[in-house]
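Scroll down for the structure; my scribbles are underneath it.
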Amino acid sequence: GGNRSLDATQLDAKVKKTLSFHKADPTFGNAWDQATIDTVYALCDELKADLEAGKILLITCVGGKNRSRMFAYAIDPTQQPPDCLAMRKLCEAYRMAPEDRPNLAPLAPPAREMRARA
């Protein structure tokens with residue numbers, strides 16, 4: 001019900017900083033590459049630092065089921081995980097020491113099993 005804008009100064013809240021991630025959810029035909037995964041990790045680092053500094057975070061995405069949950073769950077495992085299994089894997093990898101993180105690229109959900117015809 002409030003103002004909507006990409007310009008934080010036009011919002012009804014006292015917004016100090018906005019971060020944007022302009023990627024659709026990974027799909028079997030449009031997997032995320034390593035550069036995208038590195039961007040997610042960098043944004044998570046920034047969000048986690050802000051949270052640990054006592055700042056209030058508002059994380060949103062279009063549907064509210066994957067990307068916003070991905071960022072929230074990556075920095076705080078008590079949050080609801082994303083529905084997307086690939087994004088859950090990415091969150092779990094983020095919480096590992098950087099040198100222990102597996103190479104997830106190309107990141108895509110598991111292929112659907114073919115249904116047998118009766």
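Counting begins at 1 with the first residue of the sequence.
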How many angstroms lie between atom CZ of R95 and atom NZ of K48, to the nearest 0.5 angstrom?
-> 9.5 Å
If you measure from OG1 on T39 to CH2 on W32, what distance do you get to the nearest 0.5 Å?
-> 10.0 Å
Residue pairs involving residues 69-91 (criterion ring-ring contact (aromatic ring centres under 6.0 Å, His included); sequence neighbours excluded) | F21-F71
According to the side-chain hydrogen bond (donor to acceptor under 3.5 Å, both in side chains) rule, which pairs have a member within residues 97-107, sequence neighbours left out?
-> none
Across all chains, not counting sequence neighbours, the side chain to side chain donor-acceptor pair (under 3.5 Å) partners of E92 are none
By side chain to side chain donor-acceptor pair (under 3.5 Å), Q79 pairs with (sequence neighbours left out) D76
Which ILVMFWY residues are connected to L58, directly or by a chain of links, through side-chain heavy atoms under 4.5 Å apart?
-> none
Is there a path of hydrophobic side-chain contacts, each under 4.5 Å between heavy atoms of I, L, V, M, F, W or Y residues, that connects I59 with L19?
-> yes
Using a 4.5 Å cut-off on heavy atoms from C-beta on, say whether the side chain of M96 contacts that of P102.
-> yes
If you measure from OG1 on T60 to CZ on R69, what distance do you get to the nearest 0.5 Å?
-> 13.5 Å
Indicate the atoms forming the closest heavy-atom contact of M70 with C91, along with that distance.
-> O-SG, 3.2 Å
For S68, which residues count as a side chain to side chain donor-acceptor pair (under 3.5 Å) partner, sequence neighbours excluded?
-> none
Does D25 have any side chain to side chain donor-acceptor pair (under 3.5 Å) partners at least two apart in sequence or in another chain, and if so, which?
-> N66, R67
Not counting sequence neighbours, which residues clear salt bridge (charged side-chain N to carboxylate O under 4.0 Å, His left out) with K55? List them please.
-> D50
L43 to S20 - nearest heavy-atom pair and separation = CD1-O, 4.1 Å
Counterpart residues, side chain to side chain contact (heavy atoms under 4.5 Å, CB included), relative to L51 (two or more places apart) = L57, I75
Who pairs with A108 by side chain to side chain contact (heavy atoms under 4.5 Å, CB included), at least two apart in sequence or on another chain?
-> A31
Grab the two heavy atoms, one from Y41 and one from A93, that are nearest each other, plus how far apart they are.
-> OH-CB, 3.4 Å
For the residue pair P109 and F28, what are the closest heavy atoms and their distance?
-> CD-N, 3.9 Å
Qualifying salt bridge (Lys or Arg N to Asp or Glu O under 4.0 Å) pairs, either residue in residues 31-45, two or more places apart = none
Atom CD1 of I37 and atom CG of L107: how far apart are they, to the nearest 0.5 Å?
-> 5.0 Å
Quick one: salt bridge (charged side-chain N to carboxylate O under 4.0 Å, His left out) partners of R88, sequence neighbours excluded?
-> none
